[in-house]
Amino acid sequence: MNQDELKALVGQAALQYVVPGQIVGVGTGSTVNKFIEALATMKDQIKGAVSSSEASTARLKALGIPVFDSNEVSELAVYIDGADEINGQGHMVKGGGAALTREKIVAAQSKMFVCIADESKLVAVLGAFPLPVEVIPMASARIIEQFAKMGGHGQVRMKDGRALVTDNGQHIIDVRGLQIPDPVSFEAQVSQWPGVVTVGVFAYQKAQVCLLGTSEGVKTLKF
Ligand code: 5RP
């Protein structure tokens with residue numbers, strides 16, 4: 001099975017966690033796009049979705065799934081999203097699609113985080129994937145310096161020759177060369193730096209379940 005097929009497999013498998021009659025939290029990315037397609041087949045059984053990006057909102061609406069503002073909804077039973085890396089404790093690196101801030105917000109209002117990923121995303125230690133950090137643009141240089149002191153090499157993410165602008169009007173720094181053996185303390189530390197909007201380590205908002213697409217089928221990891 002190729003990567004695209006594995007993504008479709010876990011996107012379909014995630015439907016078992018969607019609670020009929022409720023609103024579901026929806027992440028962002030190519031794996032979630034497969035989940036959104038699958039979700040459309042049961043759209044009459046759910047109230048709608050809270051979305052983590054403008055891109056997912058557009059896809060949900062195009063398929064006739066109502067999208068609610070997160071402020072209108074107190075608690076979600078489940079949030080379904082992909083990851084760039086996930087370790088054996090359910091800690092993740094996210095933000096490859098630049099949606100990390102809204103992803104963390106929707107994850108925080110959800111009782112359960114179900115991560116959907118192909119097996120290439122499972123790692124022993126987080127850090128091989130360049131760590132995305134959403135920042136206030138005027139703080140970029142100083143934050144890059146802070147990461148350099150930790151041995152990381154940060155660069156502002158570019159798009160079409162300019163700094164990429166997120167859905168929240170901010171920039172992304174991608175940091176290479178880090179090893180993150182203690183994601184909980186790393187997330188707590190970096191989150192306090194002035195100008196950091198969101199660090200792409202999801203340790204406080206970790207996954208409780210990972211549906212991992214493998215050549216032998218979907219493996220369910222529980223944390
Ligand atoms: C977007 C994310 C995505 O979940 C992550 O990048 C994985 O994406 P994909 O499913 O396309 O591999 O964090 O900000």
Side-chain angles (χ1 to χ4, degrees), residues 1-15 17 24-39 49-60 70 78-87 90-108 110 112-123 126-135 156-159 164-176 178 180 183 187 190 196-214 218 221:
M1 251 185 276
N2 65 31
Q3 217 180 15
D4 204 51
E5 290 166 333
L6 293 178
K7 288 177 181 185
L9 200 65
V10 292
Q12 182 71 36
L15 289 185
Y17 288 92
V24 58
V26 176
T28 300
S30 56
T31 315
V32 166
N33 289 345
K34 302 290 187 189
F35 167 65
I36 293 173
E37 280 169 30
L39 189 64
V50 170
S51 165
S52 62
S53 64
E54 299 298 334
S56 288
T57 297
R59 279 178 184 266
L60 288 159
S70 66
V78 67
Y79 176 62
I80 294 173
D81 198 358
D84 299 304
E85 288 185 332
I86 182 163
N87 70 13
H91 303 140
M92 295 164 284
V93 164
K94 292 183 44 55
L100 63 165
T101 296
R102 296 189 189 190
E103 290 173 344
K104 212 174 255 193
I105 292 168
V106 187
S110 304
M112 181 190 247
F113 189 136
V114 176
C115 176
I116 50 176
D118 67 82
E119 58 191 338
S120 68
K121 308 287 183 69
L122 185 64
V123 298
L126 302 179
F129 187 91
L131 175 69
V133 186
E134 184 163 357
V135 302
V156 176
R157 192 181 298 181
M158 305 295 284
K159 191 180 176 199
L164 176 142
V165 178
T166 68
D167 285 351
N168 314 305
Q170 311 303 339
H171 290 174
I172 299 281
I173 294 173
D174 292 303
V175 190
R176 291 174 172 74
L178 294 172
I180 309 172
E187 182 180 11
V190 175
V196 168
V197 178
T198 303
V199 57
V201 170
F202 281 52
Y204 285 91
Q205 267 71 53
K206 70 173 202 157
Q208 279 71 49
V209 173
C210 179
L211 301 175
L212 200 67
T214 77
V218 179
L221 311 178

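Remember, it's a predicted structure, so these values are computed and weren't measured experimentally. Both counts, for ligands and for their atoms, begin at 1 and track the order of listing.
In this structure a side-chain-to-backbone donor-acceptor pair under 3.5 Å is missing from K34 to Q12. Put simply, the side chain of R157 gets close to the backbone of G96: a donor and an acceptor are under 3.5 Å apart.
Every residue meeting the side chain to side chain donor-acceptor pair (under 3.5 Å) condition with T57, not counting sequence neighbours, appears here in chain and number order: S51.
At a heavy-atom cutoff of 4.0 Å, ligand 1 is surrounded by K7, T28, G29, S30, T31, D81, G82, A83, D84, K94, G95, G96, G97, A98, A99, E103, K121.
Contact of the V123 side chain with the F129 side chain is not registered, since no non-hydrogen atoms from C-beta on lie closer than 4.5 Å.
Look at E134 and K104 and you find no salt bridge, because none of the NZ, NE, NH1 or NH2 atoms lies under 4.0 Å from a carboxylate O.
Paired with T166 under the rule side chain to side chain contact (heavy atoms under 4.5 Å, CB included), one option of V135, V197, I172 passes, and it is I172.
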